[in-house]
Number of protein chains: 4
Amino acid sequence: MRNCILVGNLGQDPEVRYTPAGAAVTTISVATTEAWNDKDGNKQERTEWHRVVFFRRLAEIAGEYLKKGSQVYIEGQLRTNKWQDKSGNDRYTTEIIANELQMLGGRPGSGGSMGGGGNMPSAPKAKNPSNNNNNSNDNGPNYDDFDDEIPF
Amino acid sequence: MRNCILVGNLGQDPEVRYTPAGAAVTTISVATTEAWNDKDGNKQERTEWHRVVFFRRLAEIAGEYLKKGSQVYIEGQLRTNKWQDKSGNDRYTTEIIANELQMLGGRPGSGGSMGGGGNMPSAPKAKNPSNNNNNSNDNGPNYDDFDDEIPF
Amino acid sequence: MRNCILVGNLGQDPEVRYTPAGAAVTTISVATTEAWNDKDGNKQERTEWHRVVFFRRLAEIAGEYLKKGSQVYIEGQLRTNKWQDKSGNDRYTTEIIANELQMLGGRPGSGGSMGGGGNMPSAPKAKNPSNNNNNSNDNGPNYDDFDDEIPF
Amino acid sequence: MRNCILVGNLGQDPEVRYTPAGAAVTTISVATTEAWNDKDGNKQERTEWHRVVFFRRLAEIAGEYLKKGSQVYIEGQLRTNKWQDKSGNDRYTTEIIANELQMLGGRPGSGGSMGGGGNMPSAPKAKNPSNNNNNSNDNGPNYDDFDDEIPF
DNA sequence: TTTT
DNA sequence: TTTT
């Protein structure tokens with residue numbers, strides 16, 4: 001279950017680490033802000049910080065293309081890790097394990113704090129918008145050839 | 001983007017078909033009901049019907065375990081198919097292409113309208129709630145061994 | 001942003017408390033279980049526990065109708081609270097502040113561990129599937145009378 | 001149930017209409033694009049178009065701040081309207097009735113195709129990120145004063 | 001710690 | 001019809 005969704009901005013550059021086996025693990029901190037009017041009609045606002053973790057290829061992409069301030073859309077699942085502090089007390093950290101990442105906003109680069117700047121891997125030119133079956137009948141769509149057109 | 005979520009009940013038994021290549025395609029109709037109080041304080045209710053399509057293995061599971069009345073949780077993506085009716089007019093049908101299915105509710109069967117009856121493949125007894133790293137330090141969780149424990 | 005969704009079961013009966021002003025605050029613990037096959041083809045499973053908080057009327061409903069084992073659908077937002085333990089160390093607890101609750105599964109009661117048993121306020125039988133405008137034209141739906149039919 | 005989420009771009013400027021009672025109804029068309037690699041390793045892409053409807057105040061905001069090309073985050077619910085074409089045939093149109101709108105991307109304007117250009121109503125400066133209870137105990141957060149800080 |  |  002892809003149970004959480006975030007739309008927000010990175011508070012810092014991503015942290016990329018690697019497992020002994022060489023797989024990337026990237027952690028980011030994402031702020032989501034919510035505004036509402038309180039009972040006195042005053043504007044209130046609250047910012048929430050979320051720890052988000054990426055693994056493997058998504059970790060590499062996140063490490064390469066995101067930076068402090070980037071606006072992102074993230075889907076993932078909640079996970080609470082249990083660990084122990086120096087005193088041996090149980091501690092818990094809740095994270096979102098990301099399984100989808102979409103970079104938002106227009107071409108931001110052009111002078112970020114990082115070197116390379118840059119944008120998302122440029123989703124390939126979009127062209128075949130047609131899932132038009134264009135079959136002529138009255139029974140609705142068929143799916144005879146879905147193997148060629150569906151991404152799962 | 002897994003952009004839609006439904007929690008509802010099947011209006012009929014699933015329809016299972018097969019592509020020439022032998023892949024299953026299952027279609028179900030799911031009712032979601034929403035209740036609210038109108039401005040006069042009267043209870044209002046509205047039922048919405050959704051056409052949901054499954055492919056391949058998920059289609060086989062849906063065809064085997066769901067039946068009329070089943071309560072389901074579905075994640076999927078919207079897709080609008082274009083087709084033509086007998087008169088050659090363009091028609092559109094919007095569906096949810098499911099990528100996740102969870103059967104809800106307790107053991108329903110015990111006398112359904114279908115033969116086999118039955119429930120979901122019995123989610124294996126759930127037992128190891130631990131994603132406890134139990135590493136003792138003050139740096140929060142590590143991920144050295146995530147290959148062994150994470151489902152992607 | 002209603003950013004998280006849970007479908008799971010309560011690990012214990014709800015805890016209901018009241019603020020000095022008399023508003024209900026209900027906390028539940030919800031288990032979600034995820035199953036997958038690891039690289040050796042063995043079935044793996046993992047259960048995640050989520051702390052969910054309800055306020056006001058939703059808190060009253062949750063306290064009255066949910067119990068240990070109840071299957072629920074919850075929408076809410078993540079919130080991380082900062083507090084301090086006895087030693088004055090900062091501690092963080094992440095919760096889901098619920099803004100929607102739907103009880104899942106058929107009439108469970110009939111022998112639960114609690115006294116009263118009971119189900120959700122019985123979503124009024126769902127019947128009028130029609131948001132059919134039934135206006136005859138070729139321009140698609142109109143909305144002239146939406147005030148009478150839309151729940152916001 | 002806020003069951004659908006879209007992140008995409010407007011294909012055209014919004015269409016704003018008004019009910020006889022004076023309430024705004026705004027319709028937009030949103031493209032979402034998905035990319036994947038097919039079985040031959042070729043990049044595939046598919047664009048889906050979604051009809052989104054806003055009512056009342058949200059309709060006014062959408063009409064004022066969105067324009068062709070705007071990137072948006074939308075939450076809403078699916079609704080299928082039934083209507084009849086000139087020949088009296090039943091036709092169906094599926095829409096997303098929006099209940100949340102967030103404009104994405106940085107300062108876009110600076111030369112859009114429309115006159116006014118413009119951005120979102122500038123969410124008020126964000127400042128009080130604290131939902132820190134800072135109560136010193138070992139029982140986790142309390143909620144005594146939630147009336148002052150929670151937006152429902 | 002971000003952004004609007 | 002958009003955008004990447």
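Within every chain, numbering begins at 1; the chains are lettered A, B, ... in the order of the sequence lines, protein sequences first and strands thereafter.
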Check the distance between [N]'s [atom2] and [X]'s [atom1] and give it to me in whole angstrom.
{"X": "A/Trp36", "N": "E/dT4", "atom1": "CH2", "atom2": "C1'", "result": "15 Å"}
{"X": "D/Lys67", "N": "F/dT2", "atom1": "NZ", "atom2": "P", "result": "15 Å"}
{"X": "D/Gln12", "N": "F/dT1", "atom1": "CD", "atom2": "P", "result": "9 Å"}
{"X": "D/Asp13", "N": "F/dT3", "atom1": "CG", "atom2": "P", "result": "11 Å"}
{"X": "B/Tyr92", "N": "F/dT1", "atom1": "OH", "atom2": "P", "result": "11 Å"}
{"X": "D/Trp49", "N": "F/dT1", "atom1": "CH2", "atom2": "C1'", "result": "4 Å"}

With a 4.5 Å heavy-atom cut-off, do C/Thr80 and A/Thr94 have their side chains touching? no
Are the side chain of D/Asp85 and the backbone of D/Arg91 linked by a donor-acceptor contact shorter than 3.5 Å? no
Apply side chain to side chain donor-acceptor pair (under 3.5 Å) to A/Ser29 and list each qualifying residue two or more places apart in sequence or on a separate chain. none
Restricting to side chain to side chain donor-acceptor pair (under 3.5 Å), what partner residues turn up for A/Thr27, sequence neighbours left out?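 A/Thr27 satisfies side chain to side chain donor-acceptor pair (under 3.5 Å) with no residue once adjacent residues are dropped.
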Between the side-chain atoms of D/Thr47 and the base atoms of F/dT1, is any donor-acceptor pair under 3.5 Å?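 Donor-acceptor pair under 3.5 Å: no.
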Is there a donor on the side chain of A/Thr33 or the base of E/dT4 sitting less than 3.5 Å from an acceptor on the other? no
